[in-house]
Amino acid sequence: MELTLDRITHRYGGMAVLQDISLRIPAGEILCIIGPSGCGKSTLLRLLGGLERPDAGQVLQLGDPPQGCLNPLTYVFQDFALLPWRTVAGNISLVLEDHGIRGRAARAIIDDVLGRTRLSGFADAFPRQLSGGMKQRVAIARALAVNPAVLLLDEPLSALDAQTRELLMEDLVALWTRQPFTGVYVTHNLAEAVRLGHRVAVLSRRPGRLREVIGIDTPLADRRPGDAELETLQARLWDMMREEAVAADQELLNA
Amino acid sequence: MPDPRPVPFRGGGFSPVRIRWAGPAVFALLLALVEWGTRSGWISNLTLPRPSDVAATLADLARSGMLWTHLAPSLTRLAVGSAMGVIAGIGIGIAIGLFSLIRAGLVPLVAALFPIPKIALLPLFVIWFGIDEGSKYALIALGTFTPTVVATYGAVDNVDRTLIRMGQSFGLRWSSIVAKIVLPGALPGILSGLRVSLAIGIILLVAAEMLGAEHGIGAYILEAGSLYDLERLFAGVVILSCLGVATSWGIGVLERRLLRWRS
């Protein structure tokens, strides 16, 4: 299944946050969206998954979600969004219950996704007993449980410390390598973008316009922190972002 | 080179520590003071009764079975009245929290009802619901209803919106979002509102019993007061205090059981 953004424009109370964005999200690839803060990248993600309606333009879905897909467009949130009153297994079961999946069938799915996110043995733990990185892995496991066609990740690593972030990035790469998924990954962290993106879309400052889309050919599994080629790319992205961020601050001053 | 000195400690404080003995100690100290004062005479027995006499009165009351004669109707009134008020309050509070039209229609009404001293309405309730139990139930129900409504819709409003968005993003049904996300999320606020509501319920119980009841803690206190029988008056007050402590403890148990995920 493919997603296409067709000339999306969005405003909040008269202020334009996104302007005329057209973008194709091909199946089986991760697209990273970066941009200075306030450029509407999270808004773009909410529009993509139907949590918000664009003022103009439309989000189009091409083709049908694969068989056995319970929730085609599935989010992973920055703050995990786990129910504190449910255990790890209960949080995953939450998204299965409405599809009539209970008991043994649910147990099988839960065991499978917890295994894939290296959380076997934590099924009965409550979120408060887990570290931040583990909580986000639970959220990823929950997303995998519904067998999504497109995974929409909204700064999933931003609430985590640097080491945990590094580990989780490796986890995401391993997950994709085992079973390629379509992903849209919004972040302000350029290192994450060049490690996880097959393509990186750069948005301008508010109102967000598409500045450039850069393809990265190195396979995800071969990308390492400190890789010279990625560093160069990251520096190039930073140059673009820097211009935008500085200009955005100047505009605040003159506003 | 100057001598090394330890850096002075400036943190600490501003965080409540649980001290179990202090509460009972204050009680015991006050009682001992009054007992000593009444025995030695510098507190006249017109001002305060002797605590040991109050205890003896309570023991008598229990032995003669009169304690139960007064306590049973009071507890029934409190239970029936506050159950009606709390159930209606939670129901309407949730409806206000979920539906904008109901919110727009009922919040001003609740705000208008809230500050009315419900005791002032008792004569009216006697006409509407009769001098018997009906008017007492109605008074307690109305008194517990308004704080419960306010606490409940406040609690629903405070449920983490990101959790609700999460539910929507996974395509959960509306009813599932309400039952599995909104209600459990609002439960802590509803329970703490219940504490206030039940305390108000006890106050109104006594007020209602003072205006026309044969039996009940309120009637017992009123009778003792008009005879200026301080031992019995204070015995009644002690029973009310115990009732308050018991309901608060009951809600504490409920909280620990239902909100185990919090600690």
Side-chain angles (χ1 to χ4, degrees), chain A residues 42-43 45-52 65 69-88 90-102 124-130 135 138-139 141-155 159, chain B residues 15-16 18 90-91 93-94 97-100 151-195 250-263:
Chain A
S42 290
T43 307
L45 203 66
R46 283 201 294 279
L47 295 171
L48 263 172
L51 283 183
E52 228 165 303
C69 167
L70 302 177
N71 189 47
L73 306 172
T74 298
Y75 283 89
V76 173
F77 298 93
Q78 179 179 353
D79 50 10
F80 325 132
L82 299 176
L83 302 184
W85 49 86
R86 283 188 176 226
T87 60
V88 167
N91 266 287
I92 299 171
S93 136
L94 173 82
V95 300
L96 301 173
E97 286 159 14
D98 273 13
H99 298 282
I101 301 172
R102 287 161 198 280
D124 298 320
F126 280 94
R128 70 179 147 84
Q129 299 167 305
L130 305 178
K135 283 183 203 162
V138 175
R142 176 179 63 187
L144 294 175
V146 293
N147 216 348
V150 181
L151 213 49
L152 305 167
L153 303 113
D154 187 7
E155 306 220 15
Chain B
S15 57
R18 192 165 178 173
I90 291 177
I94 288 170
L98 292 177
F99 305 107
S100 299
T152 303
Y153 83 70
V156 173
D157 288 350
N158 274 330
V159 173
D160 192 348
R161 295 295 120 166
T162 58
L163 294 182
I164 294 175
R165 289 284 168 274
M166 181 276 292
Q168 292 176 321
S169 81
F170 277 96
L172 263 56
R173 280 192 294 269
W174 184 87
S175 57
S176 294
I177 292 178
V178 172
K180 296 171 186 171
I181 299 177
V182 176
L183 293 187
L187 200 55
I190 294 175
L191 285 178
S192 67
L194 212 56
R195 264 177 210 283
I251 293 170
V253 169
L254 212 59
E255 277 179 339
R256 274 196 293 283
R257 187 159 288 206
L258 292 176
L259 309 178
R260 204 174 297 155
W261 52 271
R262 273 207 308 193
S263 54

Roughly how far, to the nearest 0.5 Å, is [atom2] of [Y] from [atom1] of [X]?
X        : Y        : atom1 : atom2 : result
B/Ile181 : A/Leu94  : CD1   : CG    : 5.5 Å
A/Phe80  : B/Leu163 : CZ    : CG    : 12.5 Å
B/Phe170 : A/Asp98  : CZ    : CG    : 12.0 Å
A/Glu97  : B/Lys180 : CD    : NZ    : 4.0 Å

Heavy-atom pair of closest approach, residues A/Pro84 and B/Trp261
O-CB, 3.4 Å
Show the numbers, then the answer: is there a side-chain contact (heavy atoms from CB on, under 4.5 Å) between B/Thr162 and A/Gln78?
CA-CA 10 Å; B/Thr162 58; A/Gln78 179 179 353; over 6 Å; no
Between B/Ser175, B/Ser176, B/Gly171, B/Ser169, which shows the greatest number of heavy-atom pairs under 4.5 Å with chain A?
B/Ser169
Residue part contacting chain B, namely of [X], when any heavy atom lies under 4.5 Å:
X       : answer
A/Val95 : both
A/Tyr75 : both
A/Arg86 : side chain
A/Leu70 : neither
A/Leu51 : side chain
A/Leu73 : backbone

If you draw a 6.0 Å radius around CZ in B/Arg257, do more than 12 non-hydrogen atoms from other residues or ligands fall strictly inside?
no
Show your working on side-chain contact (heavy atoms from CB on, under 4.5 Å) between A/Arg46 and B/Arg165 and close with a plain yes or no.
CA-CA 10 Å; A/Arg46 283 201 294 279; B/Arg165 289 284 168 274; 5.6 Å; no
